[in-house]
Asker: 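Got a structure for you, questions after.
Everything numeric in this text was worked out from a predicted model, so none of it was measured.
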There are 2 protein chains.
Amino acid sequence: MSVFKPLDPLLHSQLRLAVMSLLISVEEAEFTFLKEKTEATAGNLSVQLDKLEKAGYIGIEKSFKGKRPLTTCRITQAGVKAFEEYVENLRNYIE
Amino acid sequence: MSVFKPLDPLLHSQLRLAVMSLLISVEEAEFTFLKEKTEATAGNLSVQLDKLEKAGYIGIEKSFKGKRPLTTCRITQAGVKAFEEYVENLRNYIE
DNA sequence: TTAAAATAGTTTATAATGTAAACCAATTTA
DNA sequence: TAAATTGGTTTACATTATAAACTATTTTAA
């Protein structure tokens with residue numbers, strides 16, 4: 001795409017991009033935090049987190065907070081790199 | 001979506017965004033020009049131009065250049081506004 | 001004490017979307 | 001005059017996004 005470099009389809013998705021945007025600044029976030037901030041449904045969020053994990057862009061750790069399940073996410077180095085590249089490529093479209 | 005304003009799905013598409021990006025600067029472009037610049041297939045481009053037109057974001061004029069068909073596109077005011085809003089909203093995700 | 005509601009998710013079904021392949025019609029080239 | 005090129009459109013298919021339905025546990029209320 002000449003000046004229009006391809007945009008990583010994994011990141012070019014509203015919800016996944018929002019999640020990555022959050023994770024890149026906090027470096028660790030619970031499922032419920034992401035759900036509140038993105039205002040996504042739990043189901044949708046769950047699916048998108050899976051995809052990001054399978055891509056190696058985030059790590060997901062499942063544990064317990066007291067007796068309730070707790071899902072903690074953090075961005076990986078590959079995730080940071082992919083995000084930065086995505087943003088860089090995107091600039092050619094919007095500037 | 002709190003700080004994450006919804007991204008116009010019509011613009012949140014690589015090819016359509018590239019087209020809008022081109023049209024916003026040139027204000028008039030032929031089908032073949034858009035095809036070259038975006039490196040899209042003709043079929044894909046045709047479909048996406050249709051969508052942008054139906055949304056009122058671009059105008060499409062069909063005529064003839066000599067004896068060959070000629071499709072000319074230009075962005076509308078609604079298109080400019082939508083694009084600017086999209087970019088504005090997107091910033092919250094990537095900055 | 002037990003039924004209802006809330007929490008914290010996952011799985012699944014469906015609709016929407018993006019894309020290339022196939023196609024059409026005319027024109028140019030060999 | 002047959003083959004290739006131009007300038008597209010239509011259609012079929014695979015991928016994606018999303019909500020709805022579901023599971024499992026825990027807390028609250030009657």
Asker: Taking NZ from A:Lys65 and P from D:dT27, how many angstroms apart are they, rounded to a whole number?
Answerer: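 These atoms are roughly 12 Å apart.
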Asker: Would you kindly compare A:Thr41 and B:Gly43 by the position of their nearest DNA chain D nucleotide and give the one closer to the 5′ end?
Answerer: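 Nearer the 5' end of the strand: B:Gly43.
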Asker: Go through B:Lys65 and B:Glu30 one step at a time and tell me if the salt bridge (Lys or Arg N to Asp or Glu O under 4.0 Å) criterion holds.
Answerer: CA-CA 11 Å; B:Lys65 181 198 226 168; B:Glu30 299 179 8; 3.5 Å; yes
Asker: For B:Asp50 and A:Ala42, take the nucleotide of DNA chain D holding the closest heavy atom to each; which residue's nucleotide lies nearer the 5' end?
Answerer: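 The residue mapped nearer the 5' terminus is B:Asp50.
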Asker: Starting at atom CG of B:Leu34, determine the distance to atom C1' of D:dG7, rounded to an integer number of angstrom.
Answerer: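 About 13 Å, once rounded to whole Å.
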Asker: Is it true that A:Lys5 and A:Glu85 make a salt bridge, defined as a side-chain N closer than 4.0 Å to a carboxylate O?
Answerer: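 A:Glu85 and A:Lys5: not salt-bridged.
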Asker: Among the nucleotides D:dT6, D:dT18, D:dG8, which one has an atom lying closest to any side-chain atom of B:Arg68?
Answerer: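 The closest nucleotide is D:dT6.
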Asker: Separation of B:Lys51 atom NZ from C:dA16 atom P, in whole Å?
Answerer: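 Rounded to whole Å, this separation is 12 Å.
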Asker: Using whole Å, report how far CG of A:Asn44 lies from C1' of C:dT11.
Answerer: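 In whole Å, C:dT11 C1' and A:Asn44 CG are 13 Å from each other.
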Asker: Can you confirm whether B:Asn89 sits close enough to B:Asp8 that some side-chain heavy atom of one is under 4.5 Å from a side-chain heavy atom of the other?
Answerer: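 Counting from C-beta outward, B:Asn89 and B:Asp8 never come under 4.5 Å.
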Asker: Could you check how far CD of A:Glu36 sits from P of C:dG9, rounded to whole Å?
Answerer: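 Nearest whole value for this atom pair: 12 Å.
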Asker: Charged N to carboxylate O under 4.0 angstrom, B:Glu27 versus B:Arg74?
Answerer: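 Salt bridge between B:Glu27 and B:Arg74, a charged N being under 4.0 Å from a carboxylate O: no.
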Asker: Would you say B:Arg16 reaches C:dG18's phosphate, i.e. side-chain N/O to OP1/OP2 under 4.0 Å?
Answerer: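 Checking B:Arg16 against C:dG18: at least one side-chain N or O falls below 4.0 Å of OP1 or OP2.
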Asker: Just how far, in rounded Å, is P of C:dT19 from NZ of B:Lys35?
Answerer: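 So the two atoms are 15 Å apart, to the nearest Å.
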Asker: Looking at the side chain of A:Lys62, which of C:dT19, D:dT26, C:dT10 is the nearest nucleotide?
Answerer: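 Closest nucleotide among those given: C:dT10.
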Asker: Can you figure out which of D:dA19, D:dT11, C:dA8 approaches the side chain of A:Pro69 most closely?
Answerer: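 Of all the options, the side chain of A:Pro69 is nearest to C:dA8.
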Asker: Look at the side-chain N and O atoms of A:Thr71 and state whether any lies under 4.0 Å from the OP1 or OP2 oxygen of C:dG9.
Answerer: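 A:Thr71 to C:dG9 OP1/OP2: side-chain N or O found under 4.0 Å.
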Asker: Within the 4.0 Å heavy-atom criterion, would you say A:Leu45 contacts the bases, only the backbone, or no part of the nucleic acid?
Answerer: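 Nothing: the residue A:Leu45, judged by heavy atoms under 4.0 Å, touches no strand.
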Asker: Figure out the CD/C1' separation between A:Glu30 and C:dT7, and round it to whole Å.
Answerer: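 Atom CD in A:Glu30 sits about 13 Å away from atom C1' in C:dT7.
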Asker: Quick one: B:Ile60 CD1 to D:dT9 C1', roughly how many Å, whole number?
Answerer: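 Rounded to whole Å, this separation is 12 Å.
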Asker: Between D:dG8, D:dT16, C:dG18, which nucleotide has the shortest distance from any of its atoms to the side chain of B:Gln48?
Answerer: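 Among the listed nucleotides, the one closest to the side chain of B:Gln48 is C:dG18.
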Asker: Is the number of heavy atoms from other residues, nucleotides or ligands within 6.0 Å of CD (A:Gln77) greater than 12?
Answerer: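 Not buried by this count: 12 neighbours or fewer within 6.0 Å.
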